[in-house]
Structure formats: C-alpha cells, structure tokens
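Working notes, beginning with the structure itself.
FYI, side chains are in, hydrogens and waters are out, and symmetry mates aren't considered; it's all heavy atoms of this structure.
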Amino acid sequence: MKWAFIVFTALYAIALFLLAVGTFGWFGQEQDPLSGVFLMPLGLPWNILADRLGLVGAWVAILAPTINAAILYWLWKR
C-alpha cells in the first residue's frame, strides 16, 4: 500500500502544480479555466458527494483528493 500512497500523492502534487500554472499563467502559459480538470478524478467520489450536499467552490475540488490520500495512508499504516 505504500507505493499506492506515494503514487497518489505524487499525482496530486502534479495536479495542484498544473492548477497553479493554469490559474496564474506561470511560465508563459495562458490562463485556462480547465486547469483543475486533473483534480477531479483524484477526488472521486468525494467531489460528487460535496456537490450533492450543495458545497460548491474551488476549495472543494482542491481538498477532495486529501480524503483519498488519508484513506490510502491509513491503509498503509494499518
């Protein structure tokens, strides 16, 4: 389970970096509203649950993968 947690955390960090690059226009990249699309599959099913509960915002999409990371960490340490 250690490798799954490490791979997931690395993908999460890359997705957050791509979100920052697309949002702020770093490295000459044009600002893109779809720059956070890579966070969506990492946060499933929590982002869908949050949407059904009426929680809307960028922070929900940014923080939803942390729940999956916490579950993977718990499985690894268990």
Side-chain angles (χ1 to χ4, degrees):
M1 241 344 146
K2 178 181 179 179
W3 61 270
F5 174 73
I6 292 171
V7 168
F8 184 84
T9 306
L11 289 173
Y12 184 39
I14 291 169
L16 285 175
F17 177 73
L18 290 174
L19 173 68
V21 169
T23 300
F24 301 116
W26 294 347
F27 308 111
Q29 178 72 26
E30 292 186 25
Q31 291 183 343
D32 184 15
L34 291 176
S35 60
V37 71
F38 298 111
L39 287 171
M40 295 305 293
L42 293 175
L44 287 174
W46 310 112
N47 46 14
I48 293 174
L49 181 66
D51 181 51
R52 301 251 168 113
L53 291 174
L55 301 173
V56 181
W59 289 108
V60 173
I62 292 171
L63 294 177
T66 59
I67 298 171
N68 289 335
I71 292 170
L72 287 173
Y73 182 77
W74 177 75
L75 287 172
W76 169 35
K77 291 298 181 176
R78 191 180 129 233

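- Listed by first then second residue, pairs satisfying side-chain hydrogen bond (donor to acceptor under 3.5 Å, both in side chains) with a partner in residues 49-59 number zero, not counting sequence neighbours.
- In terms of the side chain to side chain contact (heavy atoms under 4.5 Å, CB included) criterion, residue partners of L44 (sequence neighbours excluded) are, by chain and number, N47, I48.
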Scan the side chains in residues 24-36 for donor-acceptor partners under 3.5 Å anywhere in the protein, sequence neighbours excluded, and list what turns up.
from : atom 1 : to  : atom 2 : distance (Å)
Q31  : NE2    : T23 : O      : 3.4
D32  : OD1    : L34 : N      : 3.3
S35  : OG     : D32 : O      : 3.2

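- The number of heavy atoms from other shown groups lying within 6.0 Å of CZ (F38) does not exceed 12.
- No continuous path of hydrophobic side-chain contacts links L16 to I14 [ILVMFWY only; heavy atoms under 4.5 Å].
- Summarising the hydrophobic clusters (Ile, Leu, Val, Met, Phe, Trp, Tyr; side-chain heavy atoms under 4.5 Å, direct or chained), the residues clustered with W3 are none.
- Between L72 atom CG and T9 atom OG1 the span is 7.5 Å, to the nearest 0.5 Å.
- Both L42 and M1 sit in one connected hydrophobic cluster of ILVMFWY residues. Membership requires side-chain heavy atoms under 4.5 Å apart, directly or through other members.
- Taking the side chain to side chain contact (heavy atoms under 4.5 Å, CB included) definition, one finds that I71 meets it with W46, I67, N68, L75, sequence neighbours left out.
- By the side chain to side chain contact (heavy atoms under 4.5 Å, CB included) test, Y73 is found to be paired with F5, W76, K77, residues two or more places apart in sequence or in another chain being considered.
- Between P65 and F8 the shortest heavy-atom distance is O-CE2, 3.3 Å.
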